[in-house]
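The structure appears below as C-alpha cells.
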2 protein chains.
Amino acid sequence: MRILVVDDDAQIIRAMRINLRARGYDVATAFDGASALQAAAKSPPDLVLLDLGLPDMEGGDVIEGLRGWTQVPIIVLSARHSASEKVRSLDQGADDYVTKPFGMDELLARIRAAQRRSVHVEEAPVVATDSFTVDLGAKRVERDGREVRLTPTEWHILEILARNAGRLVSQRRLLHDVWGPAYQSETNYLRVYMAQLRRKLEPDPAHPRHLITEAGMGYRFEKSG
Amino acid sequence: MRILVVDDDAQIIRAMRINLRARGYDVATAFDGASALQAAAKSPPDLVLLDLGLPDMEGGDVIEGLRGWTQVPIIVLSARHSASEKVRSLDQGADDYVTKPFGMDELLARIRAAQRRSVHVEEAPVVATDSFTVDLGAKRVERDGREVRLTPTEWHILEILARNAGRLVSQRRLLHDVWGPAYQSETNYLRVYMAQLRRKLEPDPAHPRHLITEAGMGYRFEKSG
DNA sequence: CCGCATCTTAACGGGGCCCTGACGCCCGTC
DNA sequence: GACGGGCGTCAGGGCCCCGTTAAGATGCGG
C-alpha cells in the first residue's frame, strides 16, 4: 500500500512520513504539483494525500492531471475552510476533503475508508504467490489452475493472513477474529488449521514457503518465497 | 437516484427533502434506525444520509446493519466533532463523515463524490454454462434449447447467483435479498430451493456442477464446471 | 367453492467440519 | 544429556449443516 504525500511544507511531509510509515504504509513524497504528477506516473500510488497550497500550480490542476488517467483515491488536505473550495475539489474528482488542522486518527480512518472503497471498485482483490492464488472477492483459492476447497475456518484464517500479506499477524489476533474474544489462548487450534492450510496449499507442507510461522509470535503470509 | 435520509429531526428532514428534490434526487426518509433498515431493505437506496443521534439505536449499529448486505454509500451527519466518533463510524463502514453545521453545497458535493465512486461495471445480461443459459434481461432460462419454467422465488435466487457468477454468495445475502431482512437465519428455505433449481437445471442433480454449495459459507454459480 | 401452482414447515439420514487429546520433533536452557 | 516449551501431525468422535422428501398452508384464477 503506497501513499503519495504532496505538500510544500517539509515539516508536514516529515510528520506524515513518520505517522504513515508507523502504520505500515509505504510513503512517497512530492513538494510541488509537477513532481507529484511525475512521481505518480512513474510508480502509481494506491492513494494520494494532496495539499492545495502548492507553489507551482493550482491544486485543482493536480487533481485533473491525475484524474486524466487514474482512479486512485485522492484526499485533499487544506487550510481553506471555504465551502466553494471544497465543492470545487470534490467535483474535480477528489474523494475527500479534510481541513487543517486535523487529527491524525481521523485522517487514518479516512484513508482506510477511501482504500476500502477503491478495493471494491477495482473488484479484484487477488493475492497471488508462485504456487497458489487467493481471490478475496470471490472467496476462492486456486492452485495449479484447479480450485482448492477450503472449510469456513480455513478460509477465515487464510483471508486474514492474505489481507495482511508480508506482515506478522499475532496468534491473539487470529484467535480473536476467527473464534471470538474468549479464545485468545487456544493456540493449538491454530496449529491444527495452519497444518491443514499448508497441506492444501504448500508445494512441500513440511517446509512452508508462504505460510510462515514466527515462533512465539504469530504467522505471516509471504507472497514470494 | 434515490437517497435515504435518516434523521429524527423533522425540521432537518424537511430541509433535506426540499434541497435534494430540487437537485433531482428521489428522497426517502426515516426517523429512527429500525425504520431506516426496514426502508433500505424494502427498496434499496443509492445513497444513505445518516444522522448519528437516533432515538432507538446507536448509529454504529445502523451502519453495520446496512453493511451486512449492501455496499451502498453511507454519509454520516453528526453534531459530534470528536475524532474517536469519526474514526469509529468510518471504520464501521461509513464512506464519509460530515459535522453539523454544514453547508448544503458541500454536502451536495460530497454526495456527488460518493456517488461517482460507487458506479460499478455492468455485467453481461446473459450467463451461459455447458448445460443451460440464463438470460437476465429477458428473465428466461433455456436448457437443451427448451425453456425451463421457474417459479418467482427460484428465479430470484438464480438471478442473484448468476449476477455474481464465480463468486461466493453468502446465505445471509441470499436470504436477505429474496425473503427480506427478517429471514436471515431460515437456511432451510435455501436448501429446498437450491434442490429444486438443481433438479430443473443440473444434468445430474445429485452431483451439481454449476450450483455449488460451500458448506457453512454460501453458494456459488459456476459457469464452466 | 374448487383445483392448481407455489410457498412454508418439519423430519430424517448422512457426510463433513470442528474440536480434542496424545504423541513426536526441534530448540533452547541448565 | 535431561528437561520443557512451542510447534506439527494424526485420528477419532460428536455435532452441525446440508440434501431430500412430503405433507400442510397459502394464494390465485376459474
Side-chain angles (χ1 to χ4, degrees), chain A residues 139 141 147-161 168-180 182-220, chain B residues 139 141 147-161 168-180 182-222:
Chain A
K139 279 206 190 354
V141 181
E147 174 168 6
V148 180
R149 181 142 297 170
L150 296 186
T151 72
T153 309
E154 287 164 6
W155 170 261
H156 206 337
I157 293 173
L158 182 64
E159 181 177 15
I160 296 171
L161 292 175
L168 173 74
V169 181
S170 73
Q171 315 188 5
R172 283 178 65 93
R173 160 89 191 283
L174 283 169
L175 286 166
H176 179 279
D177 286 6
V178 176
W179 281 274
Y183 291 78
Q184 300 195 7
S185 57
E186 321 290 49
T187 58
N188 49 327
Y189 292 10
L190 283 179
R191 293 206 294 278
V192 171
Y193 280 95
M194 289 305 296
Q196 285 181 0
L197 279 172
R198 292 202 254 247
R199 199 177 317 131
K200 290 185 177 180
L201 300 178
E202 290 277 3
D204 180 2
H207 303 93
R209 292 170 48 226
H210 304 103
L211 299 168
I212 313 295
T213 132
E214 304 276 3
M217 322 240 329
Y219 293 88
R220 188 158 40 86
Chain B
K139 286 204 197 308
V141 181
E147 175 168 6
V148 179
R149 192 174 162 63
L150 296 185
T151 72
T153 307
E154 287 164 6
W155 169 261
H156 205 339
I157 292 173
L158 183 63
E159 180 178 14
I160 295 171
L161 292 174
L168 184 131
V169 182
S170 71
Q171 323 185 27
R172 182 150 181 248
R173 160 90 191 281
L174 282 169
L175 286 165
H176 181 280
D177 286 5
V178 176
W179 281 275
Y183 292 76
Q184 299 194 11
S185 57
E186 315 288 334
T187 58
N188 49 327
Y189 291 10
L190 282 179
R191 295 206 295 276
V192 171
Y193 278 94
M194 288 305 296
Q196 285 180 0
L197 279 172
R198 291 203 254 248
R199 203 175 313 130
K200 290 185 177 181
L201 300 177
E202 290 278 1
D204 179 3
H207 303 93
R209 292 170 50 229
H210 304 103
L211 300 169
I212 312 296
T213 133
E214 303 277 4
M217 305 204 283
Y219 293 87
R220 185 198 308 281
F221 185 103
E222 201 70 66

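Letters A, B, ... are given to chains in the order of the sequence lines, protein chains preceding strands, and every chain is numbered from 1.
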*Sub-3.5 Å donor-acceptor pair from the side chain of B:Glu202 to the main-chain atoms of B:His210, do we have one?*
yes
_Any donor-acceptor N/O pair, A:Gln184 side chain to A:Leu175 backbone, under 3.5 Å_ = no
Counting any heavy atom closer than 4.0 Å, what does [X] reach on the DNA or RNA strands: base, sugar-phosphate only, or nothing?
{"X": "B:Arg149", "result": "sugar-phosphate"}
{"X": "A:Thr187", "result": "nothing"}
{"X": "A:Gln171", "result": "sugar-phosphate"}
{"X": "A:Tyr183", "result": "nothing"}

Distance, nearest 0.5 Å, that separates [atom1] of [X] from [atom2] of [Y]:
{"X": "A:Thr213", "Y": "A:Gln171", "atom1": "OG1", "atom2": "CD", "result": "8.0 Å"}
{"X": "B:Leu197", "Y": "B:Leu158", "atom1": "CG", "atom2": "CG", "result": "5.5 Å"}
{"X": "A:Leu190", "Y": "A:Trp179", "atom1": "CG", "atom2": "CH2", "result": "5.0 Å"}

For [N], does either OP1 or OP2 sit under 4.0 Å from a side-chain N or O belonging to [X]?
{"X": "A:Tyr193", "N": "C:dC18", "result": "yes"}
{"X": "B:Trp179", "N": "C:dT8", "result": "yes"}
{"X": "A:Thr151", "N": "C:dC18", "result": "yes"}

Using whole Å, what does the distance between atom [atom2] of nucleotide [N] and atom [atom1] of [X] come to?
{"X": "B:Leu150", "N": "C:dA5", "atom1": "CG", "atom2": "P", "answer": "15 Å"}
{"X": "A:Asn188", "N": "C:dA22", "atom1": "CG", "atom2": "P", "answer": "12 Å"}
{"X": "B:Glu154", "N": "C:dC7", "atom1": "CD", "atom2": "C1'", "answer": "10 Å"}
{"X": "A:His156", "N": "C:dC17", "atom1": "NE2", "atom2": "P", "answer": "17 Å"}
{"X": "A:Leu175", "N": "C:dC18", "atom1": "CG", "atom2": "P", "answer": "15 Å"}
{"X": "A:Trp155", "N": "C:dC17", "atom1": "CH2", "atom2": "C1'", "answer": "18 Å"}

_Boundaries of the DNA chain D segment in contact with chain A, non-hydrogen, under 4.0 Å_ = D:dG6 to D:dC10
*Looking only at side-chain atoms of B:Pro152, point me to the closest of C:dC7, C:dC19, C:dT8.*
C:dC7
*B:Arg191 side-chain proximity, nearest of C:dT9, C:dC7, C:dA11*: C:dA11
*asked:* Looking at every heavy atom in both B:Pro205 and B:Pro203, which two are closest together, and how far apart are they?
replied: CD-O, 3.6 Å
*Check B:Arg220 against B:Leu168 and note the closest heavy-atom contact, atom names and distance.*
NH1-N, 3.6 Å
*Assign each of B:Gly216 and B:Val192 to its nearest nucleotide of DNA chain D by heavy atoms, then name whichever residue's nucleotide is nearer the 5' end.*
B:Gly216
